[in-house]
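So you know, we letter chains A, B, ... as the sequences are listed, proteins then strands, and number each from 1.
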Amino acid sequence: MKRTLAGQLSEHIGEEVRLVGWLHHTRALGKIAFIAVRDRTGIAQGVVLNPDKIDVSVLKKESIVEVIGKVKAEKQVRKGVEVEVLSVKTLVEPVAEIPFEISRSLSKLNLKLDAILDHRAFCLRNQELSAVFPVQAEIVRSFSEFMREKGFLEVHTSKIVSAGTEGGTALFPVQYFEQKAYLAQSPQFYKQMLVGAGYERVFEVGFVYRAEDHATSRHINEYLSLDFEVGFIDSYRDVIELEKEFLVRMIENLGANCKEELETLKARLPEIKDIPEIRLKDALEILERDYGRDTAGMTDLDPQGERELCDYVLKNTGSEFVFVTHYPAEARPFYTMSDPDNPDLTLGFDLLFRGLEVTTGSQRIHDYKMLVDNIRKFGMDPADFEFYLEIFKYSMPPHGGLAIGTERFTQQILGLSNIREASFFPRDRFRLTP
RNA sequence: GGGCCUGUAGUGUAGCUUGGUUUAACACAUCUGCCUGUCACGCAGAAGAUCGCCAGUUCAAAUCUGGUCGGGCCCGCCA
């Protein structure tokens with residue numbers, strides 16, 4: 001008999017069906033019993049009217065069962081439909097006691113993150129914990145779909161690189177035969193090179209690796225980076241406009257396609273009308289004036305400053321997003337284009353969302369000589385970057401791009417308290433398994 | 001790399017300040033019995049913990065001290 005999924009029961013009223021799934025729970029009340037079977041589409045309830053013949057008490061929670069029964073509409077059930085059980089059979093029985101209850105809501109379970117991650121796959125049987133990932137998948141899908149529509153080519157660049165090129169962050173060394181190599185911290189160089197190769201517009205969805213020795217609720221050492229790079233721009237603002245348009249589309253898609261998950265997680269989507277842009281200098285003045293901060297010597301917002309600025313923007317404009325622009329050159333990577341009106345500043349920007357940085361982007365330097373000079377200015381040797389610089393010799397168009405941290409974005413959209421909840425199998429300072 | 005906090009049945013917590021009425025308490029899960037509409041079912045009962053580990057102080061340590069291992073958060077840095 002063909003399998004019917006829990007989510008399809010209402011289409012089969014009056015029919016005999018076969019449900020297969022995990023045993024969510026049983027409720028035996030004497031002369032009547034209930035059995036809840038969970039599959040990828042949800043939970044179906046079966047009612048047992050002859051518990052003297054069908055004993056649900058022998059079934060083990062989280063075993064895989066097959067239930068055959070007749071579907072009927074029933075207003076005493078929350079979902080309005082249930083299966084009158086004719087037979088129940090255990091197909092696979094657990095060989096160990098489950099580590100903890102997962103059929104309830106998280107607020108009742110009160111699980112520590114560490115316990116969740118230690119039993120990650122099992123925990124994803126919980127509706128709330130698993131609901132994070134269809135939302136994340138929709139974020140990623142929206143990105144790919146939007147980029148393709150805009151004429152971008154999807155690319156995949158190597159995650160094994162020869163040098164710690166970009167500076168700043170620490171890299172994971174790997175032994176590459178007799179050579180020393182590193183895990184890529186970003187596809188930055190490659191996506192620029194592919195713009196110069198003639199594709200003009202490229203995007204990439206891929207893991208990047210950072211050996212930063214941090215332990216916070218917003219950092220993991222491997223994260224999924226949504227990158228794009230676009231050629232023939234007039235200014236960094238073209239990059240910002242693309243991201244705005246993408247954000248609007250993504251929020252629309254989430255509202256349309258992730259309704260249930262968002263409800264399960266009690267998440268509220270942001271409304272995007274317009275996203276304000278504030279120069280870093282002005283942002284620091286706001287912190288100084290309205291939040292009593294001493295911003296002397298600050299070349300970037302600290303986490304507290306990010307939260308305060310978002311608070312300010314929300315109160316004054318109603319936006320939960322804000323672009324911060326014109327960071328000083330010393331605070332940005334060497335390939336960032338300087339502001340022609342003030343060479344100490346860059347045409348680089350960050351996007352803050354609900355108090356947290358979720359994107360970094362900029363217009364890049366496309367002039368070969370300027371780029372080489374800048375590498376020297378940063379105290380590095382252009383010879384080490386020859387593989388990257390070569391294409392710049394043969395005419396690069398003005399270009400720019402950005403990167404979005406997927407897990408961080410997911411965390412902020414869903415209001416998760418720790419970024420690890422937005423990663424299936426997070427890699428952090430101490431966790432390498434599962 | 002710097003700072004703060006934390007570790008008690010399968011899970012989540014209380015007890016620790018002020019060492020001794022603690023036979024280490026409670027909730028959920030587990031097991032047994034009862035229950036015809038449960039869906040956080042209800043009721044009655046049972047089992048389950050050498051209080052992370054090691055050492056010290058003491059007549060006496062879950063409780064105090066030191067070390068060690070694990071975990072969480074913040075900062076720096078970043079997405």
inquiry  = Applying a 4.0 Å non-hydrogen cut-off, can you work out what A:Ala215 is touching in the nucleic acid: base, sugar-phosphate, or nothing?
reply    = base
query = Looking only at N and O atoms, is any donor in the side chain of A:Gln45 or the base of B:U38 less than 3.5 Å from an acceptor on the other one?
reply = yes
query = With a non-hydrogen cut-off below 4.0 angstrom, is A:Asp302 in contact with a base, only sugar-phosphate, or nothing?
reply = sugar-phosphate
Centroid separation A:Phe152 to A:Phe143 less than 6.0 Å = no
message = Whole angstroms only, please: what is the OH-P distance between A:Tyr327 and B:A79?
response = 10 Å
query = Any donor-acceptor pair under 3.5 Å linking the side chain of A:Thr41 with the backbone of A:Gly7?
reply = yes
ask   = Is the phosphate of B:C78, meaning OP1 or OP2, less than 4.0 Å from a side-chain N or O of A:Arg332?
value = no
ask   = Counting any heavy atom closer than 4.0 Å, what does A:Arg307 reach on the DNA or RNA strands: base, sugar-phosphate only, or nothing?
value = sugar-phosphate
query = What interatomic distance, in whole Å, is found between C1' of B:C54 and the corresponding atom of B:U18?
reply = 27 Å
ask   = Quick one: A:Gln304 CD to B:C74 P, roughly how many Å, whole number?
value = 13 Å
inquiry  = What's A:Thr360 touching, base or sugar-phosphate or nothing? Going by heavy atoms closer than 4.0 Å.
reply    = sugar-phosphate
ask   = Out of B:A40, B:U11, B:C75, which has the shortest distance to the side chain of A:His214?
value = B:C75
ask   = Taking atom P in both B:G67 and B:A46, what distance in whole Å separates the two?
value = 44 Å
inquiry  = Keeping A:Ser144 on the side-chain end and A:Val140 on the backbone end, is there a donor-acceptor pair under 3.5 Å?
reply    = yes
query = Base, sugar-phosphate alone, or nothing: which one does A:Val77 contact when heavy atoms must sit under 4.0 Å apart?
reply = base
task = Please report, rounded to the nearest Å, how far the C1' atom of B:G42 is from the CZ atom of A:Phe34.
result = 14 Å
task = Look at atom CZ of A:Phe122 and say whether more than 12 heavy atoms of other residues, nucleotides or ligands are closer to it than 6.0 Å.
result = yes
Short side-chain N/O contact from A:Lys112 to OP1 or OP2 of B:U11, under 4.0 Å = no
message = I'd like to check A:Val37 versus A:Trp22 (side-chain heavy atoms, cut-off strictly below 4.5 Å). Are they in contact?
response = no
ask   = Quantified in whole Å, what is the C1' atom distance between nucleotide B:C4 and nucleotide B:U8?
value = 22 Å
message = What's A:Ile220 touching, base or sugar-phosphate or nothing? Going by heavy atoms closer than 4.0 Å.
response = base
request  = Select base, sugar-phosphate, or nothing to describe what A:Glu82 touches, counting heavy atoms under 4.0 Å on all strands.
outcome  = base
request  = For this output row, return yes or no: ring centroids of A:Phe34 and A:His25 closer than 6.0 angstrom.
outcome  = no
request  = Take A:Ile32 and A:Leu356, find for each the nucleotide of RNA chain B with the closest heavy atom, and name the residue whose nucleotide sits nearer the 5' end.
outcome  = A:Ile32
ask   = Under 6.0 Å between the ring centres of A:Phe228 and A:Phe203?
value = no
inquiry  = For A:Glu15, give me all partners under side chain to side chain donor-acceptor pair (under 3.5 Å), at least two apart in sequence or on another chain.
reply    = A:His12
ask   = For the pair made of CG in A:Asp213 and P in B:G1, what is the distance, rounded to whole Å?
value = 5 Å
inquiry  = Measuring only the P atom in each nucleotide, how far is B:A29 from B:U68? A whole number of Å is fine.
reply    = 41 Å
remark   = Pairs under 3.5 Å (Watson-Crick or G-U), crossing ones as [ ], inter-strand ones as |: RNA chain B comes out as ((((((((.[[[[.)....(....]]]].(((((.......))))).....[[[[[..)....]]]]])))))))....
query = In whole angstrom, what separates A:Leu59's CG from B:U30's P?
reply = 13 Å
ask   = With respect to the phosphate group of B:C75, does any side-chain polar atom (N or O) of A:Arg218 fall under 4.0 Å of OP1 or OP2?
value = yes
task = May I ask you to verify if any side-chain N or O of A:Arg210 is less than 4.0 angstrom from the OP1 or OP2 atom of B:C77?
result = no
inquiry  = Can you tell me if A:Arg420 touches the phosphate of B:G71, counting only side-chain N or O atoms and a distance under 4.0 Å to OP1 or OP2?
reply    = no
ask   = Base, sugar-phosphate alone, or nothing: which one does A:Thr359 contact when heavy atoms must sit under 4.0 Å apart?
value = sugar-phosphate
query = Rounded to whole angstroms, how far apart are NE2 on A:His219 and P on B:C75?
reply = 9 Å
note = Taking for A:Leu49 and for A:Pro99 the nucleotide of RNA chain B with the nearest heavy atom, the one nearer the 5' end belongs to A:Pro99
query = Hey, does A:Ile43 reach any base, or is it just sugar-phosphate, or nothing, if we go heavy atoms under 4.0 Å?
reply = nothing
task = I would like to know whether A:Gln136 and A:Thr410 meet side chain to side chain donor-acceptor pair (under 3.5 Å); could you show each step before the answer?
result = CA-CA 6 Å; A:Gln136 184 167 84; A:Thr410 310; 3.1 Å; yes
key: Between P of B:A79 and CD of A:Glu306, the distance in whole Å   = 11 Å
query = Rounding to the closest angstrom, what is the interatomic distance between B:C39 and B:C51 at atom C1'?
reply = 37 Å
inquiry  = So is the aromatic ring of A:Tyr223 stacked onto the base of B:A79, judging by whether the centres are under 5.5 Å apart and the planes are under 30° apart?
reply    = yes
ask   = So which nucleotide from B:A40, B:U11, B:G37 ends up closest to the side chain of A:Glu74?
value = B:G37
query = On a whole-Å scale, what distance lies between the P atoms belonging to B:G37 and B:C26?
reply = 31 Å
Minimum-distance nucleotide to A:Asp300 side chain [options: B:G37, B:C78, B:U30] = B:C78
key: Closest to side chain of A:Asp114, choosing from B:C77, B:G72, B:A29   = B:G72
key: Side chain of A:Thr216 (C-beta onward), nearest among B:U30, B:C75, B:C78   = B:C75
remark   = Per side-chain contact (heavy atoms from CB on, under 4.5 Å), A:Leu351 is matched among A:Val324, A:Leu247, A:Val322 by A:Leu247
ask   = Once you round it to whole Å, what is the distance between C1' of B:C5 and CG of A:Leu113?
value = 16 Å
task = List for me each residue that meets side chain to side chain donor-acceptor pair (under 3.5 Å) alongside A:Glu260, sequence neighbours excluded, and say none if there are none.
result = none
ask   = Given the C1' atoms of B:G56 and B:C75, what is the spacing between them in whole Å?
value = 35 Å
request  = For B:C16 versus B:C5, give the span between their C1' atoms, rounded off to a whole number of Å.
outcome  = 16 Å
